[in-house]
**Student:** 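Pasting a structure below so you can have a look.
Remember, predicted model here, so these are calculated numbers, not experimental data.
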Amino acid sequence: MATLDIVTFPEPSLKMVSVPVETIDEELKTFIEDMGETMFHDSGVGLAAPQVGVNRRVIVYDPHAAEEQKDPEDKTFIALINPEILSKSKETFISEQEGCLSVVDYRADVRRHASVTVRAMNIDGETIEFEAHGLMSVIMQHEIDHLDGILFIDRISALKRAMYKKRRLKQLKNEK
């Protein structure tokens, strides 16, 4: 297993719509293992393939992220291939201080659906369907957004987004 490099805003590939996975082979399974390792290495609760520079419809997430007494040694993750949100609850809430491994040094409150129904394939190629609530709903919406070229900063006010973009571009300029 290997830790992959996270691409960060304003990387253009983060705005691209990802292509569906056609075949689940050993190369994809190795990539998924690397994604899981990368997610935990960088203290994430979810990771989408575009965040590591691969525009394919694959996400991984920590199924224990919402647990209060989570074992820090537990590195179990679930992979979803070609995930799609089938339905969203009418009820929404504010995901407080949502962050992203690809949006450096920034957190914001984001309005999200309280629950979503997701359909995807698992790593064995079986179609699965489930309902996600609360934090798991946020993770599904956030990571599937990545597959559609949407960052969480695209879901905040234009002013806050513009302020972040300006600060980030200045930060990158100063790093050169």
**Student:** If you take all heavy atoms of Ala79 and Ile32, which pair is closest and at what distance?
**Tutor:**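 Here Ala79 and Ile32 meet closest at CB-CG2, 3.5 Å.
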**Student:** Check whether Asn122 reaches the backbone of Asp124 with its side chain - one donor and one acceptor, N or O, closer than 3.5 Å.
**Tutor:** yes
**Student:** Between Asp74 and Thr76, is any side-chain donor less than 3.5 angstrom from a side-chain acceptor?
**Tutor:** yes
**Student:** Please answer whether the main-chain N or O of Asn82 pairs with a side-chain N or O of Arg57 as donor and acceptor at a distance below 3.5 Å.
**Tutor:** no
**Student:** Distance alone, cut at 3.5 Å: any donor-acceptor contact between the side chains of Thr92 and Arg111?
**Tutor:**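 Yes - a donor-acceptor pair under 3.5 Å links their side chains.
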**Student:** Is any side-chain heavy atom of Met35 closer than 4.5 Å to one of Gln51?
**Tutor:**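 Sidechains of Met35 and Gln51: no contact.
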**Student:** Measure from the side-chain N and O atoms of Asn55 to the backbone N and O of Ser13, and report whether any donor-acceptor pair falls under 3.5 Å.
**Tutor:** yes
**Student:** Does the side chain of Pro20 come within less than 4.5 Å of Ile81's, by heavy atoms?
**Tutor:** no
**Student:** Can you tell me if Ser115 and Ser137 form a side-chain donor-acceptor pair at under 3.5 Å?
**Tutor:** no
**Student:** Using the side chain to side chain donor-acceptor pair (under 3.5 Å) rule, take His142 and Glu98 through it: C-alpha gap first, then chi angles, then the decisive distance, then the call.
**Tutor:** CA-CA 9 Å; His142 181 110; Glu98 191 168 320; 2.7 Å; yes
**Student:** Find out if a path of hydrophobic residues (ILVMFWY) with successive side-chain heavy-atom gaps under 4.5 Å connects Val21 to Leu80.
**Tutor:** no
**Student:** Does any non-hydrogen side-chain atom of Ile24 lie less than 4.5 Å from one of Lys29?
**Tutor:** yes
**Student:** Is there a path of hydrophobic side-chain contacts, each under 4.5 Å between heavy atoms, that joins Ile6 and Phe40?
**Tutor:**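 In one cluster with Ile6: Phe40, yes.
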**Student:** Would you call Asp145 and Arg155 a salt bridge, taking side-chain N to carboxylate O under 4.0 Å as the test?
**Tutor:** yes
**Student:** Indicate if Val54 and Val60 have the same hydrophobic cluster label, given that clusters are the connected sets of ILVMFWY residues with side-chain heavy-atom separations under 4.5 angstrom.
**Tutor:**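 In one cluster: yes.
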**Student:** Less than 4.5 Å apart, side chain to side chain, heavy atoms only: is that true for Asp5 and Val52?
**Tutor:**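 In short, these two side chains do not touch, never coming nearer than 4.5 Å.
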**Student:** Within the 3.5 Å criterion, strictly below it, is a donor on Glu91 or Ser89 matched to an acceptor on the partner's side chain?
**Tutor:** no
**Student:** State plainly whether the residues Asp105 and Arg168 are in salt-bridge range, i.e. N to O under 4.0 Å.
**Tutor:**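 Salt bridge absent between Asp105 and Arg168.
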**Student:** When you compare the side chains of Glu26 and Thr30, does any donor N or O come within less than 3.5 Å of an acceptor on the partner?
**Tutor:** no
**Student:** For Val104, what are the other residues in its hydrophobic cluster, where any two members join if their side-chain heavy atoms are less than 4.5 angstrom apart?
**Tutor:** Val7, Phe9, Leu14, Val103, Tyr106, Val110, Leu151, Phe152, Ile153, Ile156, Tyr164
**Student:** Answer whether the closest heavy-atom distance between the side chains of Lys166 and Lys170 falls below 4.5 Å.
**Tutor:** no
**Student:** Please examine the side chains of His146 and Ser18, heavy atoms only from C-beta on, and report whether any two atoms are closer than 4.5 Å.
**Tutor:**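 Side-chain contact under 4.5 Å: no.
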**Student:** Quick one: ring-ring contact (aromatic ring centres under 6.0 Å, His included) pairs with a partner in residues 59-98, sequence neighbours left out?
**Tutor:** none
**Student:** Just so I know, are the side chains of Glu131 and Val116 near enough to count as touching, which here means a heavy-atom distance under 4.5 Å?
**Tutor:**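 No, too far: nothing below the 4.5 Å cut-off.
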**Student:** With the side chain counted from C-beta on, respond yes when Ile144 and Glu84 share a heavy-atom pair under 4.5 Å apart, and no when they do not.
**Tutor:** no
**Student:** Using a cut-off of 6.0 Å, state whether more than 12 heavy atoms not belonging to Glu129 lie near its atom CD.
**Tutor:**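 Atom CD in Glu129 is packed in, count exceeds 12.
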**Student:** Decide yes or no on side-chain contact (heavy atoms from CB on, under 4.5 Å) for Lys173 and Leu169, but give the supporting numbers first.
**Tutor:** CA-CA 6 Å; Lys173 185 178 177 182; Leu169 293 175; over 6 Å; no
